[in-house]
Amino acid sequence: ATGCFAMPDDMPIEDCASFFVNPYTALAILDTAKQQGSPAIVHTAAASQLGQMMVKVAPSEDVEVINVVRREEQAELLRELGAEHVVVTGGDEAKWKEELKDKVKQ
């Protein structure tokens with residue numbers, strides 16, 4: 001059938017659903033930002049599957065993503081995928097809030 005993707009029989013249904021949901025959600029979020037004239041967005045919980053997809057797709061959509069995560073290992077994962085702007089909230093609250101504020105101003 002047209003528009004169907006065969007999934008392995010042993011793949012959990014939740015994983016099958018995210019096969020197409022996350023890419024379309026990422027594109028929709030970035031498209032909304034572009035339509036509103038925003039050059040960037042702030043994405044919390046950015047190490048999620050959706051966040052990882054946004055890091056991959058955003059450059060081709062000309063939208064900057066400021067990724068917010070809790071831990072440094074999550075930040076490293078996003079940087080390995082190409083993320084340029086990552087804020088880690090797991091440390092000094094005043095410091096990360098100032099870092100986020102500075103990135104938003106850029």
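- Annotation: side chain of Ile41 is in contact with side chain of Leu30 (closest heavy-atom distance under 4.5 Å).
- Taking both residues in full, the closest heavy atoms of Val63 and Lys34 are given as CG2-CG, 3.3 Å, listed atom of the first, atom of the second, then distance.
- A salt bridge does not link Glu99 with Lys95: none of the charged nitrogens is closer than 4.0 Å to a carboxylate oxygen.
- Of the options Val69, Val55, Leu50, Leu78, a side chain to side chain contact (heavy atoms under 4.5 Å, CB included) to His43 is made by Leu50 and by none of the others.
- In summary, the side chains of Gln35 and Asp31 do present a donor paired with an acceptor at a separation below 3.5 Å, with no hydrogens or angles considered.
- Contact record, Met7 with Met11: SD-SD, 3.8 Å, taken as the closest heavy-atom pair.
- Atom CZ of Arg71 sits about 10.5 Å away from atom CG of Leu77, to the nearest 0.5 Å.
- Across every non-hydrogen atom of Met54 and Ile29, the tightest pair is CE-CG2, 3.7 Å.
- Contact annotation: the side chain of Val87 never approaches that of Asn67 to less than 4.5 Å [non-hydrogen atoms, C-beta and beyond].
- The CD1 atom of Ile66 sits 12.0 Å away from the OG1 atom of Thr44 when rounded to the nearest 0.5 Å.
- For the pair Gln74 and Ala47, the tightest heavy-atom approach, listed with the atom from each and the gap, is CB-CB, 3.7 Å.
- His85 has its side chain out of reach of Val65: every pair of non-hydrogen atoms, C-beta onward, lies at least 4.5 Å apart.
- Here Arg79 pairs with Glu72 in a salt bridge; the nearest charged N to carboxylate O distance falls below 4.0 Å.
- Evaluation of the salt bridge (Lys or Arg N to Asp or Glu O under 4.0 Å) rule for Glu84 yields no partner, not counting sequence neighbours.
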